[in-house]
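Order of appearance sets the numbers: ligands from 1, and atoms from 1 within every ligand.
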Amino acid sequence: MTERIYEALNKASTLLEEKELDPGAARILMEFITQKSRTDLFTDIRDFLPAEQQEEFWVKAEELFQGKPVQYIIGEESFYGRMFEVNEHVLIPRPETEELVYGAIERCASLFPNKKINVADIGTGSGAIAITFKKEWPEALVTATDISGEALTVAKRNAQTLEADIAFLEGDLADPLSESKWDVILSNPPYIARSEAVEMSETVLAHEPHSALFADEDGLYFYRKLAKSLPQLMNKCSLIGVEIGYLQGPAVHKLFQDAFPGSVVETVKDINGKDRIVFCKSCE
Ligand code: SAM
Ligand code: GLN
């Protein structure tokens, strides 16, 4: 018995809702399986699903019902208008992080009229920040680091697919960057306090790498380390941009203001009105 697209979608969305999972994931899965855009899917919603697509939909929907993020099932997520491969070794890039990249580019445009800047992304995961920066600012020399070799393998594949020339280095935080001086350093480090795990969705908690999510010292560990090591690595005129947890604005602002006394430090809110990014701009 073949189903129409909307019948399968409604059934899967309802089952997801019953399990308190995101019902929107069913549509993303259906778009992927039918290879239709959101608009085409809507136009063709009364079409019958070919048998093999129906079969594939329900096999993969079963993983959705187990709480697996749809992005890991279909193996991709869009970031800044480009498609990135993702798997269980990397964090699924978030829309908030697009705002970090956008804000950094905006600030770089006025800080660095000389466009050949040296940029690093610490803890690159899928490569989303580094690759996007390179695509948007092709003259930049971009380096991406991660402590996870498995993450770097994914990031390298994304760089190849998206034709972005990036240097990749494996290592702990700023260690791999110590041989050069940097104009721009961006990072979305792990920042969730371990005590916050109880409030997190099972979809994130049971599937995304904990080494990408959690940090000690109430989630501030990585910012403390960065505030200590980055002053030796930055050029005179520089921009640092870090994504933060929504409660961490004042603490991270102070860490960077203390580490870079002459700098302008800004805490920027995300589209939900929550503190999400700290920028530290120096130009002596
Ligand atoms: N930059 C990606 C993004 O924004 O989607 C991934 C960010 S994820 C929150 C944090 C990343 O930092 C993970 O890929 C993790 O492997 C990496 N990481 C964790 N500890 C690290 C360390 N000590 N040094 C370098 N990278 C680290
Ligand atoms: N924003 C991510 C989340 O909650 C966390 C990313 C991070 O720790 N850097 O799900």
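When heavy-atom distances to ligand 2 are checked against a 4.0 Å cut-off, Arg94 comes that close only through its side chain, counted from C-beta outward.
Under a 4.0 Å criterion applied to the non-hydrogen atoms of Pro189, ligand 2 contributes the atoms 7 (C), 8 (O), 9 (N). Atoms of ligand 2 found under 4.0 Å from any heavy atom of Pro190 (numbered from 1 in listed order, with element): 8 (O).
Checked for salt-bridge contact, Lys116 and Glu139 miss the test: no charged N lies under 4.0 Å from a carboxylate O. The pair Lys134-Asp165 fails the salt-bridge criterion, with no side-chain N (NZ, NE, NH1 or NH2) lying under 4.0 Å from an Asp/Glu carboxylate O. Salt-bridge check for Arg4 with Asp47: failed, with every basic side-chain N at 4.0 Å or more from each acidic carboxylate O.
Of all protein heavy atoms, the one lying nearest to atom 8 (O) of ligand 2 is Tyr191 N, 3.1 Å. Nearest non-hydrogen protein atom to atom 4 (O) of ligand 2 is Ile192 CD1, 3.7 Å.
For the residue pair Thr124 and Asp121, a side-chain donor N or O sits within less than 3.5 Å of a side-chain acceptor on the partner. Between the side chains of Gln54 and Thr2, no donor-acceptor pair is found at a separation under 3.5 Å. One side chain, Asp183 or Asn235, offers a donor N or O that lies under 3.5 Å from an acceptor on the other.
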As a test of reading the model: which N/O atoms of the protein lie under 3.5 Å from N/O atoms of ligand 1, and at what distance?
residue, atom, partner, partner atom, Å
ligand 1, 1 (N), Gly123, O, 2.8
ligand 1, 1 (N), Thr124, O, 3.3
ligand 1, 4 (O), Asn188, ND2, 2.9
ligand 1, 14 (O), Asp146, OD2, 2.7
ligand 1, 16 (O), Asp146, OD1, 2.6
ligand 1, 23 (N), Asp172, OD1, 2.6
ligand 1, 24 (N), Leu173, N, 2.8
ligand 1, 26 (N), Ile147, N, 3.3

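For the pair Gly219 and ligand 2, no heavy-atom separation below 4.0 Å is found.
Sorted by first and then second residue, the ring pair (Phe, Tyr, Trp, His ring centres under 6.0 Å) pairs with a member in residues 169-212 read His210-Phe214; sequence neighbours excluded.
When the salt bridge (Lys or Arg N to Asp or Glu O under 4.0 Å) test is applied to Lys135, no partner is found at least two apart in sequence or on another chain.
Other residues sharing the hydrophobic cluster of Ile45, ordered by chain and number and joined by side-chain separations under 4.5 Å: Ile5, Tyr6, Leu9, Leu15, Leu16, Leu21, Ile28, Leu29, Met30, Phe32, Ile33, Leu41, Leu49, Phe57, Trp58, Leu64, Phe65, Val70, Ile73, Ile74.
Note: an N/O pair closer than 3.5 Å links Leu213 and ligand 2 by distance alone.
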